[in-house]
Amino acid sequence: MDTATIAAAKQKVQQRGFLDIDLDPTLDLFAEIERLKKEKNAVVLAHYYQEPDIQDVADYIGDSLGLAQQAEKTTADMIVFAGVHFMAETAKILNPTKKVVIPDLMAGCSLSDSCPPPLFKRFKEEHPDHIVVSYINCSAGIKALSDVIVTSSNARVIVDSFPKDQKIIFAPDKNLGGYINKVTGRDMLLWNGACMVHEIFSLEKITKLKQRHPNAKFIAHPECEEPVLRIADYIGSTTGLLKFTQTDPANEFIVATETGILHQMMKSSPGKTFIPAPPTNSCACNDCPHMKLNSLEKLYLCMEYETPDINMDEELRLAAKKPIDRMLEISAKAGL
Ligand code: 13P
Ligand code: SF4
C-alpha cells in the first residue's frame with residue numbers, strides 16, 4: 001500500500017469511522033491478523049454479536065462483563081475491540097496505558113444514544129435522594145454520573161447489594177430495569193431507553209413458533225420487552241444464554257437476542273437446533289446494525305495502522321472508572 005493512500009485514509013478516519021482503503025482481495029486476512037497479533041503483542045476481544053469470521057479470529061469472545069474483565073487484566077500492548085464504541089471506551093477507561101483500537105468508530109448503540117448526559121444530569125438532579133445504577137451500555141458521560149455500573153449478568157446481584165429502602169434510578173434500559181424491578185421486588189425509577197434490536201421481537205410470531213416447536217425452549221435477553229420475557233423459559237445475558245443451551249437437555253431453542261450469538265451456540269452444541277426469534281416484520285432487524293458495521297477487513301486495517309483508536313479526557317475517564325471499579329469488585333465477590 002503506498003504511503004500517500006494511507007495518509008489520505010488516516011486523515012478521513014474520524015469522518016468515515018474507519019480506514020477506507022481497498023485491500024487486495026487475495027490477502028489472507030486470517031493469517032495477517034495472526035501475524036499482527038504477534039508482531040504488536042495485540043489481543044482481539046470480540047462480543048458475541050460480531051460476525052462469525054471476527055469471532056473466529058478473536059482471542060476472547062464474551063458478554064459485556066467478561067469483555068470488561070478481560071480488558072482490565074490484559075498484559076497485551078494493544079487491545080483490538082471488536083464490539084461497539086461504549087465497549088472499547090470501557091476498555092480504555094479500565095486500562096488507559098494500552099492502545100485501544102476499534103474496527104469502526106461509528107459502531108454506536110441505540111441504547112447508549114437514548115441517554116444523553118446533559119438530559120440525564122437534569123433528571124438526576126430532580127431526584128437527589130436516589131443513587132444511580134447504570135447499565136454498561138452507556139457513554140462515559142453517563143458512567144461518570146453513576147454510582148455503580150451493571151451488566152445483564154450482574155445487575156440483579158448488584159441491585160440486591162443495596163438496602164431494600166434505597167431509592168434507585170436505573171438507566172438507560174427500561175426493559176432490563178423493569179425485569180430487575182420484577183425479580184428483586186424493587187421500584188427503581190427507570191430512564192426511558194431501549195435497544196432497537198431487542199424491542200422488535202414479535203410476541204405473536206414467537207407464540208406461533210412455540211406451538212410449531214413444542215419441545216423447543218424459548219430463551220431471551222433481558223433487554224427484550226416484558227411480554228416477551230414473560231413467556232421465556234430462561235432469561236439471561238449472552239453468556240448466560242449460551243451456557244443454558246450447553247447444559248439444558250433440550251435439543252431445540254428459540255433465541256430472542258441478536259443473531260451473532262447463534263454462531264457460538266451452533267459451534268458448542270452441533271447436534272442442537274437454534275431458531276432466531278422472529279421480529280415484527282420480515283427485515284433482519286435482529287441483527288444489530290452497529291455491531292455489524294465491523295468487518296474482518298476493518299479489523300485487519302485498524303490493527304495494521306493502529307487507527308481509529310480511543311482517546312479520552314483524563315478527568316472524565318477517572319470519573320467514569322469509579323462506578324465500573326465498584327461493579328467489578330461486587331462481581332468478583334459474588335464469583336461472577
Ligand atoms: P451482554 O452481552 O452483556 O448480554 O449484552 C448484550 C448487548 O446488547 C450488548 O450490546
Ligand atoms: Fe446497543 Fe442493542 Fe446493538 Fe447491543 S444490540 S449494541 S444494546 S443497539
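For the single chain, residues carry numbers from 1 onward in sequence order. Whatever order the structure lists them in is the order used to number ligands and atoms, beginning at 1. Note that the coordinates shown come from a computational prediction; the quantities given were computed from them, not determined experimentally.
One N or O on the side chain of Lys205 and one on the backbone of Pro279 form a donor-acceptor pair closer than 3.5 Å. No donor-acceptor pair closer than 3.5 Å links the side chain of Glu199 to the backbone N or O of Asn175. Between the side chain of Asn154 and the backbone N or O of Thr151, at least one donor-acceptor pair lies under 3.5 Å. Lys167 places no side-chain N or O within 3.5 Å of a backbone atom of Pro128 that could act as its donor or acceptor partner.
For ligand 1, the atoms lying closer than 4.0 Å to a non-hydrogen atom of Glu223 are 6 (C), 7 (C), 8 (O). Heavy-atom proximity to Tyr135, at under 4.0 Å, picks out these atoms of ligand 1: 5 (O). Close approach to Ser64 involves these atoms of ligand 1, each under 4.0 Å from a residue heavy atom: 1 (P), 2 (O), 3 (O), 5 (O). Near Ser237, with a cut-off below 4.0 Å to any heavy atom, the atoms of ligand 1 are 4 (O). Near Ser152, with a cut-off below 4.0 Å to any heavy atom, the atoms of ligand 1 are 1 (P), 3 (O), 4 (O). When each atom of ligand 1 is checked for a heavy atom of His221 under 4.0 Å away, the hits are 1 (P), 4 (O), 5 (O), 6 (C).
Of the candidates Glu306, Glu34, Glu32, Lys40 forms a salt bridge (Lys or Arg N to Asp or Glu O under 4.0 Å) with just one, namely Glu306. For the pairing with Lys217, the side-chain hydrogen bond (donor to acceptor under 3.5 Å, both in side chains) check across Thr245, Asn251, Asp248, Asp233 returns one residue only, Asp248.
Proximity of Glu223 to ligand 2 is established by a heavy-atom distance of less than 4.0 Å. Distances shorter than 4.0 angstrom do not occur between any heavy atom of Cys195 and any atom of ligand 1. The shortest separation from a heavy atom of Met87 to ligand 1 is under 4.0 Å, placing the residue in contact. Residue Asn137 places a heavy atom under 4.0 Å from ligand 1.
Contacts between Thr151 and ligand 1 below 4.0 angstrom, taking non-hydrogen atoms only, are absent altogether. With a heavy-atom cut-off of 4.0 Å, Glu258 does not touch ligand 1 at all. Only the side chain of Tyr49 comes within 4.0 Å of ligand 1, counting heavy atoms alone; its backbone N, CA, C and O stay farther away.
The aromatic rings of Phe274 and Phe253 sit parallel, their planes meeting at an angle under 30°, below the 60° perpendicular limit. Taking the six-membered ring where the residue is Trp, Phe120 and Phe123 present tilted rings, their angle falling between 30° and 60°.
Side-chain contact annotation: Gln55 with His263, donor-acceptor N/O pair under 3.5 Å absent. Donor-acceptor pairing under 3.5 Å is recorded for the side chains of Thr259 and Asp287.
Atom 1 (Fe) of ligand 2 has Cys109 SG as protein N, O or S atoms under 2.8 Å away.
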